[in-house]
Novice: 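Can you read through this structure? Questions will come right after.
Proteins come first, then strands; the chains are lettered A, B, ... in the order of their sequence lines, and each starts at number 1. Just so you know, these numbers use all the heavy atoms, side chains as well, and skip hydrogens, waters and symmetry mates.
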There are 2 protein chains.
Amino acid sequence: MKKKEELSEEALEMIASRFRLLSDPMRLKILHTLGDQEMNVTDLVGATGAGQANVSKHLGIMLGAGIVSRRKEGLNSIYSVSDETIFELCEVVCSRLKKQLETRQNALSGAF
Amino acid sequence: MKKKEELSEEALEMIASRFRLLSDPMRLKILHTLGDQEMNVTDLVGATGAGQANVSKHLGIMLGAGIVSRRKEGLNSIYSVSDETIFELCEVVCSRLKKQLETRQNALSGAF
DNA sequence: TAACTATATTACTTTATAGTTATATTCGTA
DNA sequence: TACGAATATAACTATAAAGTAATATAGTTA
């Protein structure tokens, strides 16, 4: 029954926003560093080499979007990835990029 | 054999850039409008309601990134989506967003 | 309570980019 | 060849967001 529906501005904005979350190298680095572990902010700062305020801000943004979760333990904030689809998305993108580069290499293979 | 490899800055930037392409509502609208068809710029302008220069610019960006392709026919530039993974990514995001909103609704269901 | 530690937030600067207007380019046609 | 149409591009403006330094907040410990 579903035909080519017109996507509402609101829907487009929600989807775009989710992609926007992933469009920053530092956030990807944080997510990749987290992986399936729990880590506090200080350790993430050490692992990523970014500034504390910057890491904290990125985590706050991702927390708000519901892709990481936080639990407090004393002074520490311990974060983990709560949205596993993130990694699925990254894999799809990464595979596609590899294939694309491979195709380009082949296109040049006979030339000069 | 693959351990938790450190992702290079370059790799992170490439992946982030791909997500950045999808982080704009107008580009998503263009991609969704295209679907599996071929369309020229004028028709896309009509279908999206955006300005000609704007549509043209977005198409140029996506062409450069290899997610749409272009063929010329007389005065027309006819575009189509050349990277089907785009739709896969959008579906994953969209499903996840739905589930997330559903969860939030349930969280409020007993309250007041 | 005072000092310390971990995290969050605020204010600011800088950069990237979306949209727009005007113009250039390219091809078709009278 | 001159004109018109479709698309691309350049220049500009406005906005959003990343990074940073300074500060606030909250828990911990001497």
Novice: On DNA chain C, nearest-nucleotide positions of Ser77(A) versus Gly74(B): which is more 5'?
Specialist: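 Of the two residues, Ser77(A) wins.
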Novice: Just to confirm, is there a sub-4.0 Å distance from OP1 or OP2 of dT17(C) to any side-chain nitrogen or oxygen of His58(B)?
Specialist: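 Checking dT17(C) against His58(B), no side-chain N or O comes under 4.0 Å of OP1 or OP2.
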Novice: Return the OG to CG distance between Ser17(A) and Leu12(A), rounded to the nearest 0.5 Å.
Specialist: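 Rounded to the nearest 0.5 Å, the OG-CG separation comes to 10.5 Å.
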Novice: Please report the interatomic distance CG(Leu34(A)) to CG(Leu44(A)), rounded to the nearest 0.5 Å.
Specialist: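 Going from the CG atom of Leu34(A) to the CG atom of Leu44(A) covers 5.0 Å.
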Novice: What is the distance from CG of Asp24(B) to P of dT15(D), rounded to the nearest Å?
Specialist: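 Taking CG of Asp24(B) and P of dT15(D), I get 16 Å after rounding.
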Novice: Using a cut-off of strictly less than 4.0 Å, decide whether Arg70(B) has a side-chain nitrogen or oxygen near OP1 or OP2 of dA8(D).
Specialist: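 Answer yes for this pair, as a side-chain N or O of Arg70(B) is under 4.0 Å from OP1 or OP2.
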Novice: Could you state the CZ-P distance from Arg71(A) to dG27(D), rounded to the nearest angstrom?
Specialist: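 Spelled out: CZ on Arg71(A) to P on dG27(D) is 16 Å.
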Novice: Has Tyr79(B) got a side-chain N or O lying under 4.0 Å from the OP1 or OP2 atom of dA8(D)?
Specialist: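 Answer yes for this pair, as a side-chain N or O of Tyr79(B) is under 4.0 Å from OP1 or OP2.
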Novice: CZ of Arg20(A) versus C1' of dA18(D): gap in Å, rounded?
Specialist: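 Whole-Å distance recorded here is 14 Å.
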Novice: Specify the closest pair of heavy atoms between Leu21(B) and Ile61(B), including all atoms of both residues, with the distance to one decimal.
Specialist: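 Looks like CD2-CG2, 3.6 Å.
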Novice: Could you state the atom-to-atom distance from CD1 of Ile30(B) to C1' of dA18(C) in whole Å?
Specialist: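 Ile30(B) atom CD1 is separated from dA18(C) atom C1' by 12 Å.
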Novice: Taking only side-chain N and O atoms of Arg27(A), does any of them lie within less than 4.0 angstrom of OP1 or OP2 on dA18(D)?
Specialist: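 The answer is yes; a side-chain N or O of Arg27(A) sits under 4.0 Å from OP1 or OP2.
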Novice: Determine whether any donor atom in the side chain of Gln52(A) lies under 3.5 Å from an acceptor atom in the base of dA6(C), or the reverse, and answer yes or no.
Specialist: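 No, no donor-acceptor pair under 3.5 Å.
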Novice: So does Asn76(A) get a side-chain nitrogen or oxygen closer than 4.0 Å to the phosphate oxygens (OP1/OP2) of dG27(D)?
Specialist: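 Checking dG27(D) against Asn76(A), no side-chain N or O comes under 4.0 Å of OP1 or OP2.
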Novice: Between the base of dG27(D) and the side chain of Lys72(A), is one N or O donor paired with an acceptor at under 3.5 angstrom?
Specialist: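 Answer is no: no donor-acceptor pair is held.
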Novice: Describe the nucleic acid contact of Ile78(A) in one word from base, sugar-phosphate, nothing, applying a heavy-atom distance below 4.0 Å.
Specialist: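 Nothing, no heavy atom under 4.0 Å.
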Novice: Classify Asn54(A) by what it touches in the nucleic acid, base, sugar-phosphate, or nothing, heavy-atom distance under 4.0 Å.
Specialist: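 Base: the residue Asn54(A), judged by heavy atoms under 4.0 Å, touches a nucleobase.
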Novice: Would you kindly give the CG-to-P distance between Leu22(A) and dA18(D), to the nearest whole Å?
Specialist: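 The distance from CG of Leu22(A) to P of dA18(D) comes to 12 Å, rounded to the nearest Å.
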Novice: Separation of Leu75(A) atom CG from dA26(D) atom P, in whole Å?
Specialist: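 Rounding to the nearest Å, CG of Leu75(A) and P of dA26(D) are 12 Å apart.
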Novice: Salt-bridged, Glu13(B) to Arg20(B), with N to O below 4.0 Å?
Specialist: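 Looking at Glu13(B) and Arg20(B), the cut-off is met.
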Novice: Specify the separation, in whole Å, of atom CE of Met39(A) and atom C1' of dA6(C).
Specialist: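 In whole Å, dA6(C) C1' and Met39(A) CE are 15 Å from each other.
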Novice: Would you kindly give the CG-to-C1' distance between Leu59(B) and dA6(D), to the nearest whole Å?
Specialist: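 Computing the Leu59(B):CG to dA6(D):C1' distance gives 13 Å.
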Novice: Quick one: pull up CZ in Arg96(A) and OG1 in Thr85(B) and give me the separation to the nearest 0.5 Å.
Specialist: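 Answer rounded to 0.5 Å: 5.5 Å.
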Novice: Who is the Watson-Crick or G-U wobble partner of dT29(D), with both distances under 3.5 Å?
Specialist: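 Pairing partner: dA2(C).
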Novice: Where each residue is assigned the nucleotide of DNA chain D containing its nearest heavy atom, which of Gly51(A) and Ala53(B) is assigned the position nearer the 5′ end?
Specialist: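 Closest to the 5' end, via its nearest nucleotide, is Ala53(B).
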